[in-house]
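First the structure, in the form of structure tokens, and then the observations on it.
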Amino acid sequence: MTTFDAAVSAEDLTKRYGSGDAQVTALAGVTVAFGRGELTAIMGPSGSGKSTLMHCLAGLDTPTSGRVWLDGSGRDGAGRVELTGLRDDALTELRRDRMGFVFQAFNLLPTLTAWENITLPMDLAGRRADAAFADQVIDAVGLRDRLSHRPAQLSGGQQQRVACARALISRPDVIFADEPTGALDSRAGAEVLGFLRRSVDELHQTVVMVTHDPVAASYADRVLFLADGVIVDELREPSADRVLDRVRSLESVAHGGRVSAGAGA
Amino acid sequence: MLRAMLRDLRAHLGRVAMTLAAIVLGVAFVVATWVVSDSAAATVRGGAQRTDLAALAQARTGDAVIPAGTVARLGALPGVSRAEGVVEGYAALVGRDGKLGTTSWPATAGTDWDPSQRFDLVAGRGPQHAGEVALEQQAAEEAGLSVGDPARVLLGGDRSDTATVVGVFAYRPAGREFDPAVAYDADTATRLLRPEGAPDGATSGSVPGFARVELFGADEQAVAAAARAELGAGFTVDPGAALRQEQADNAAEDGDIIRKALLAFAAVALLAGVFVIANTFNMLVTQRTRQFALLRAVGARRGQVRRAVLAESVVLGLVGATLGVALGVGLGLLAMRLLPVAGTVAYAVSPWAILLGYAVGLLVTVVSAYGSARRAARVSPMAALRTDAAVPRRSLVLRTALGLVAVAAGVALVALTSPEELTEPKRIQAMAGAVLAWFGVLLMAPVLALGVLRPLARVLRRGPVTRIAMRNAVRDPRRTAATASALMIGLSLVCAFSTVGETMTADLTSSVRAAVPQDAVLLRAAAFGQLDDTVRAKAAAVPGLSALAAPRTGELLVLPPRGRNAEARFTGLEPAGLGTALRPTVTSGSGDLRRGVLLDARFAADTGLRVGDTVRLRFGTAGKDGAVAPVEVSATVAGLHEGSDLLPGVLIDEALVPDGVDGWGDSVYAVGPDHGALRNALEQAFAQRPDVVVQDREQLLDDLLQAFQLVLGLVYVLLGAAVVIAVFGVVNTLALSVLERTRELGVFRALGASRTLVRRTVRRESVVISLYGGLLGIGAGVLLGGVMQYVILANPVFEMAVPWPTAGVALAGMALVGVLAALWPARRAARADILAAIAAE
Ligand SMILES: Nc1ncnc2c1ncn2[C@@H]1O[C@H](COP(=O)(O)OP(=O)(O)O)[C@@H](O)[C@H]1O
Ligand SMILES: [Mg+2]
């Protein structure tokens with residue numbers, strides 16, 4: 001349905017947990033594409049399937065049905081890969097070489113220094129970080145004097161910035177961030193978001209960020225709204241107010257929808 | 001609350017299983033020890049009691065005999081119904097394969113058959129006339145002979161006899177008495193075992209008379225008293241009750257020796273177990289910090305938390321002890337089955353064994369868990385509110401300080417002794433110092449782990465696997481140290497014994513090589529027997545022999561011109577053989593026996609004797625009446641030599657050794673211009689003598705070392721239990737660490753670490769911990785061994801022979817242990833669910 005240059009796309013993704021009466025449908029047929037060089041935010045109420053969608057896109061979880069592609073065209077000649085159906089080792093390699101991750105908390109290995117954490121994915125691949133680029137990234141996150149520190153010696157915001165630097169350093173096709181500011185105060189959160197924004201603007205990164213914070217979403221180029229496992233709306237060039245409006249209206253629609261469904265039954 | 005904790009324990013069954021394994025193994029070892037020693041004592045005691053004997057008379061000196069006339073007089077004493085002389089003489093049973101059996105005593109003694117309780121027929125009947133023989137059952141089994149077979153028996157004085165086996169018997173000894181291998185009827189025994197006019201210096205029975213006289217009668221005390229009055233001071237007369245008591249005591253004593261030796265090993269295994277159990281409890285407590293905090297927050301007092309953890313350990317101890325007792329009884333009975341014991345084996349499981357098993361299991365577990373229980377009680381209720389809550393960590397300062405003090409004190413204790421004056425108290429002091437220092441190293445293990453592994457972790461930066469593994473290993477030095485310490489305990493003792501063994505081997509090798517020329521040909525008595533003079537005479541007549549030495553060793557008393565008399569060993573041999581067929585290491589004076597005797601240099605230093613002094617040597621000989629008759633010989637000290645195993649004590653011309661002196665000789669050394677020709681000639685000369693073995697020097701060395709290796713091997717096997725327990729500890733530590741690091745592993749996997757890589761990381765951590773334990777164990781063990789060989793041999797501490805092969809094998813073994821111990825934890829780690837791990841709470 002979209003014709004623009006997509007870094008990641010999914011077709012008719014479905015994810016169900018459990019079976020029988022206890023079955024939960026976390027994703028109910030999601031078709032979506034994430035533009036290259038864009039920061040896309042996924043919003044939705046708790047339990048709407050945001051994390052599940054991200055995990056399926058990143059190959060951390062296997063969808064019940066549907067397909068996912070990672071598209072690396074235009075970079076290193078790396079081609080289009082279908083994630084669904086790949087074996088664990090192949091997925092692991094893809095994650096290592098072509099994706100970056102920022103989780104909500106506990107992003108770093110406690111025994112490694114900040115620098116070692118940043119270069120871990122390259123290390124795992126047996127590659128060396130591009131020194132000039134590494135310098136650029138480290139200056140961008142402002143961690144030059146903290147590189148030999150252990151995570152325990154860093155603040156939450158600093159840890160999250162280390163995670164961002166790590167996600168960026170191998171210049172992946174896409175960075176997935178799941179509530180990256182969820183555990184931070186607003187100032188530290190703003191720093192992290194600003195950094196993600198700049199990595200898109202200046203380094204042409206592709207970022208997919210899950211959040212439930214309208215302010216965080218306002219940093220994005222595009223916001224997707226998820227409810228009950230389906231994409232229900234989309235917003236381009238969002239501002240925090242517009243996002244908030246849309247969230248409110250979606251909540252009332254969802255509420256109303258449920259009422260009308262109940263009435264129809 | 002207790003119920004909540006126990007439910008928790010059940011929920012962690014996997015984690016608890018390894019702790020349980022450590023308890024079970026430790027307890028099983030103790031219980032098995034008890035069962036084996038009890039059963040061994042019962043076996044020795046059981047079925048061998050003689051009830052028919054009123055008293056037993058024998059000469060005080062070993063080789064003296066009781067003349068037939070005396071036996072007749074004893075039989076006529078009032079109250080004595082019958083006096084039976086027992087014939088004893090050299091008789092070696094030749095097996096089906098033409099060789100002598102491998103057992104020591106039973107195979108080389110013969111006796112006369114009588115209808116007393118001495119013999120318990122197992123098959124056939126007793127021998128009745130010449131041409132018939134009965135065999136002791138173990139000897140028969142080893143020789144592969146049974147009723148109806150012809151049996152060849154080697155006798156003293158280079159003779160042999162062939163007779164038909166008519167019976168197989170079990171022997172019932174009275175008091176301390178060795179089982180004979182063969183029994184003839186009385187006349188034949190007298191003829192074969194006590195040859196008239198046999199050359200002197202051979203075994204007992206070569207002089208007419210009886211080795212012992214068995215007295216029968218109703219009143220034991222009266223019979224004994226009458227016999228004592230009749231025989232006089234040269235003889236001992238023991239009433240039957242005393243003999244039975246002695247036998248029971250001996251059995252108990254034998255059992256006790258086994259028990260003590262095995263218990264020492266069990267203690268080592270238990271010590272390793274303590275480390276494993278303590279470490280596991282520590283980790284279990286650490287992982288449940290928030291749970292304890294919650295308990296505290298909702299109102300549990302410190303004492304309650306502590307008691308709850310202790311109660312957990314009691315339950316675990318009880319379960320472990322129950323399984324351990326069952327396993328131990330099984331192992332003990334199995335060991336008794338497998339032991340090469342002839343006759344019926346008695347199995348004894350005393351209530352003590354079971355009680356002790358439970359006591360040990362409970363005590364070890366509760367003591368191990370106590371520290372953890374206190375730590376759990378100290379968790380603050382606030383910890384429930386924090387996500388990164390940790391149990392308060394103890395500082396390493398006190399432990400390290402204690403360790404340093406122990407090592408320093410231990411080293412000082414050893415340093416304050418010297419090889420020159422290593423008296424018994426000094427030996428004990430040095431050994432205590434070594435053990436103290438060893439415990440000190442155990443205490444310092446965490447700090448040493450940091451000292452060794454941290455720099456290593458810094459150096460080994462290459463690759464994420466090694467880096468992360470090393471970092472994880474030093475993450476909690478206490479945990480790593482506890483895990484490695486358990487390994488170190490068993491391994492260090494293996495290395496210590498190996499060092500002692502290696503040093504003794506080196507000493508023995510160099511002393512044998514120094515004493516025996518490389519091209520010497522040896523005649524040695526098979527089956528731990530002796531060589532009588534006929535062997536020497538026959539060897540001397542062999543063509544191509546230029547010199548021959550047939551040393552005989554015994555005890556004497558040296559009476560120096562000044563100072564105190566001193567007991568010493570002597571070696572009597574022919575002067576022409578010394579320096580040619582056997583070479584003493586002469587340190588001063590002359591090595592010529594024609595000029596006088598050679599003293600052991602150390603003995604000379606102790607007694608202040610010098611070359612040129614005249615000494616009197618007092619030999620104990622057996623008089624005609626069986627009494628000890630000392631004979632003194634005067635001699636000049638011609639020189640001093642370094643005493644060795646083959647040439648111990650005072651070296652003296654055998655011609656000067658008085659007749660009737662008890663001397664032990666099991667080897668003849670011969671040299672000639674052509675080694676090959678000499679060996680051939682000797683082999684030919686003794687082709688019909690299975691009791692004489694022709695050997696080269698290196699074969700002798702192999703024989704001497706073989707017994708040694710056997711003992712060491714047994715020690716290693718027994719120490720193996722401690723190592724096995726420690727391996728469970730490694731598995732446990734890794735499994736629990738992996739569990740603790742679930743989230744970390746999830747992130748690691750999400751970022752692109754493959755399952756293989758995760759497995760490799762865990763495995764490498766395991767190998768690092770195991771190798772650390774290995775290095776610690778080998779280092780501490782070799783040093784401990786250094787002190788042990790110093791204490792035993794009075795060599796300087798650092799002149800120990802380092803057992804490189806053992807150390808190498810141990811280190812490789814530890815690497816393997818690391819790999820094996822990581823199998824299960826690594827698989828668990830690799831299977832970690834990424835999503836569950838990174839799902840933020
Ligand atoms: N492992 C799981 N097992 C069962 N249900 C799950 C699991 N993970 C998520 N769910 C359910 O799927 C739905 C979507 O979850 P999730 O993607 O985590 O939502 P969000 O991230 O938007 O809060 C929820 O109803 C959640 O309960
Ligand atoms: Mg979520």
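Naming convention: chains lettered A, B, ... in sequence-line order (proteins, then strands); numbering from 1 in each chain.
Counting heavy-atom pairs under 4.5 Å between each of A:Leu112, A:Thr119, A:Leu91, A:Asp89 and chain B puts A:Leu112 at the top. Comparing A:Pro110, A:Gly100, A:Ala58, A:Ala152 by how many heavy-atom pairs each has under 4.5 Å with chain B, the most go to A:Pro110.
Among residues two or more places apart in sequence or in another chain, the salt bridge (charged side-chain N to carboxylate O under 4.0 Å, His left out) test is passed with A:Glu82 by A:Arg67.
Both the backbone and the side chain of A:Leu60 come within less than 4.5 Å of a heavy atom in chain B. Heavy-atom distances place no part of B:Arg741 under 4.5 Å from chain A, backbone and side chain included. Looking at B:Leu751, both its backbone and its side chain come within 4.5 Å of chain A, counting heavy atoms on both sides.
A 6.0 Å sphere centred on CZ of B:Arg827 holds no more than 12 heavy atoms belonging to other residues, nucleotides or ligands.
Although no hydrogens or angles enter the test, the distance criterion places a donor-acceptor pair under 3.5 Å between the side chain of B:Arg471 and the main chain of A:Thr111.
Checked against A:Leu70 for a side-chain contact (heavy atoms from CB on, under 4.5 Å), the options A:Val174, A:Leu57, A:Leu86 give a single hit: A:Val174.
Between the side chains of B:Ser737 and B:Arg479, at least one donor N or O lies within less than 3.5 Å of an accepting N or O.
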